[in-house]
There are 2 protein chains.
Amino acid sequence: MRLGESMLAEIFGVSRTRVREAMMKLEARGIVHVSARRGWFVVEPSADDARAAFHARKVIETGLLMSVEAIPPAAMEALRLHVEEEATIVQSGSVHDRTCALGDFHIHLAEALSNPLLTEIIRDLTARTVLVSMLYQSVDDAASSNADHAAILDAMQSGRWAEAAALMAAHIDQVEAGLDLSARLDPLAGLKDILTPAATRPSFSRSPS
Amino acid sequence: MRLGESMLAEIFGVSRTRVREAMMKLEARGIVHVSARRGWFVVEPSADDARAAFHARKVIETGLLMSVEAIPPAAMEALRLHVEEEATIVQSGSVHDRTCALGDFHIHLAEALSNPLLTEIIRDLTARTVLVSMLYQSVDDAASSNADHAAILDAMQSGRWAEAAALMAAHIDQVEAGLDLSARLDPLAGLKDILTPAATRPSFSRSPS
DNA sequence: TCCACCAATCTTGCATACAAGCGATGGAGC
DNA sequence: GCTCCATCGCTTGTATGCAAGATTGGTGGA
């Protein structure tokens, strides 16, 4: 999926300079990459890239759960609330909403248990795996993921951190196992919906001066 | 420590555009930050930032050691060799060389045990903590760190991964404890040596057209 | 009919020019 | 002598212009 600088510049009504800056920020986060004098492309992670992203998440999130000693009751309550909302969205929401809600759990967990730096790392890794899920055929197991999240919270609440870590590892393994890393999907299919929710639509009515 | 765009552009013989791009890459990695219309500065991590970086390293590196099952003998041998070189540098090298060698151990460990993605994350975090060590008064405990590294390798070689993880956590805690996070050092002291090793010196003889 | 080659066009890469804002410095007033 | 304010200079922020390269379409030849 090619992202032309001039095209984006016109769509958003800014000059190429700002588009380039934004693209380079996204490149640093591993969302897009540039091919010299050919253009910017949304990254299409290889199977190895996908495995690497899941592995990194597993290492970091289990390491986080193993190294934590206590969690403030308020944060615990907020997480519990999120999982409940998650359950609602899983039952009634769109694929996009479900993916976001399930990913948000891990980010909120990081916010509750760690610091902004580590949270940002986990946020980027989660974005990567979401990208992977959109590229490869994934069996939609949102309900199972939601149950996993609840189980992890249960273990946390009882202070069984090692068990929570083990559940987390199993959960991430299962999400990864749900992907068919041998068959690539058409990347254009879902991406356009995700990338053009609100920001660009008004701009299309902008007069092309 | 201010890094003026025009100054850097002249030193490196390129335009401000490229300097800005490089600065924004460094900003994404948390090495520098920009103050609006005032300039770029090497980040001076607060005590909280420092603690966050050490915490993140501890979580990730212990998580890594806990989740690994086996290591190829060749990689193990390479790590052992590195620790030996480290010992030599610790005894005879400069502060700069020692800091680099000690940091490299963690990066090589990540290379041996994980994937490029996670290695890059650990590399950036290590750079951050090195930056912290240069900013805050740190008791120079290079020999102790080297011994820690050797002990970690011993545990790994025997397959005692949990013990290796515990040693790693203690090691990182000790490095952090060696810092005086209450007193800030003069940031200019060591940084200039690090940042001007080879690239800029020839450029200084460039005729200021 | 197919393949190779060439040119036109479109793309990013990079430099430069202009605009806007912050800080410092000098002067005036108290 | 001290303080406050205005103005000037230097800095980044942003846009634009030009050059180099890649792709694609067309054309000529086998």
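Lettering follows sequence order; numbering is per chain, from 1.
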Q: Report yes if a side-chain nitrogen or oxygen of A:Arg16 is closer than 4.0 Å to either non-bridging phosphate oxygen (OP1 or OP2) of D:dA15; otherwise report no.
A: no

(Q) Distance check needed: C:dT11 C1' versus A:Leu8 CG, whole Å only. (A) 13 Å

**Q.** A:Ser145 and A:Asp148 side chains, donor-acceptor separation under 3.5 Å
**A.** no

Q) Which residues pass the side chain to side chain donor-acceptor pair (under 3.5 Å) test with A:Ser92, sequence neighbours left out? A) none

Q) Whole Å only: how far is the CE atom of A:Met24 from the C1' atom of D:dT14? A) 13 Å

Q | Residue pair B:Ala28 / A:Ala28: nearest heavy atoms and the distance that separates them | A | CB-CB, 3.6 Å

Q. What parts of residues 25-34 of chain B reach DNA chain C, counting only heavy atoms under 4.0 Å away?
A. none

Write down the protein N/O and nucleotide N/O pairs, taken from nucleotides 20-24 of chain D, whose separation is under 3.5 Å; answer none if there are no such pairs.
from   : atom 1 : to      : atom 2 : distance (Å)
D:dA20 : N3     : A:Arg37 : NH1    : 3.1
D:dG21 : O4'    : A:Arg37 : NE     : 3.3

Q: Please identify each residue that fulfils salt bridge (charged side-chain N to carboxylate O under 4.0 Å, His left out) with B:Asp173, with sequence neighbours left out.
A: B:Lys58

**Q.** Interatomic distance where CD belongs to B:Glu21 and C1' belongs to D:dG13 [whole Å]
**A.** 15 Å

Q.
So, using salt bridge (charged side-chain N to carboxylate O under 4.0 Å, His left out) as the criterion, who are the partners of A:Arg37 when residues are at least two apart?
A. none

Pairs under 3.5 angstrom, nitrogen or oxygen only, protein versus nucleotides 5-7 of chain C, please.
none

Q: Would you check if the side chain of A:Tyr136 reaches a backbone N or O of A:Ala47 as a donor-acceptor pair within less than 3.5 Å?
A: yes

Q | Partner residues of B:Glu111 under the salt bridge (charged side-chain N to carboxylate O under 4.0 Å, His left out) criterion, sequence neighbours left out | A | B:Arg123

**Q.** Set of residues satisfying ring-ring contact (aromatic ring centres under 6.0 Å, His included) with respect to A:His55, sequence neighbours excluded
**A.** none

Q: Enumerate the residue pairs fulfilling salt bridge (charged side-chain N to carboxylate O under 4.0 Å, His left out) with a member in residues 73-91 of chain A, sequence neighbours excluded, ordered by first and then second residue.
A: A:Arg80-A:Asp154

Q. For A:Arg57, what residues pass the side chain to side chain donor-acceptor pair (under 3.5 Å) criterion, not counting sequence neighbours?
A. A:Glu61, A:His106, A:Thr129

Q. Taking CZ from B:Arg18 and P from C:dG13, how many angstroms apart are they, rounded to a whole number?
A. 10 Å

Q.
In this structure, how many angstroms lie between the P atom of D:dA15 and the CZ atom of B:Arg20, rounded?
A. 11 Å

Q.
By nearest atom, which of the nucleotides C:dC14, C:dT12, D:dG13 is closest to the B:Trp40 side chain?
A. D:dG13

Q: State which residues pass salt bridge (charged side-chain N to carboxylate O under 4.0 Å, His left out) with B:Asp48; sequence neighbours excluded, sorted by chain then number.
A: B:Arg51

Q. Taking only residues at least two apart or on different chains, which pairs with a member in residues 65-86 of chain B satisfy ring pair (Phe, Tyr, Trp, His ring centres under 6.0 Å)?
A. B:His82-B:His108

Q.
Could you tell me how far apart A:Glu10 (CD) and C:dT11 (P) are, to the nearest whole angstrom?
A. 11 Å

Q: Could you tell me the separation between the CZ atom of A:Arg2 and the C1' atom of C:dT12, rounded to a whole number of Å?
A: 9 Å

Q: Please determine, for the side chain of A:Glu5, which listed nucleotide (C:dT12, D:dG13, C:dA15) has the closest atom?
A: C:dT12

**Q.** Residue-phosphate contact under 4.0 Å: B:Ser15 side-chain N/O, C:dA15 OP1/OP2
**A.** yes

Q.
Quick check: on DNA chain D, is the nucleotide nearest B:Gly4 upstream (toward 5') of the one nearest B:Thr17, or the reverse? Name the residue that is more 5'.
A. B:Gly4

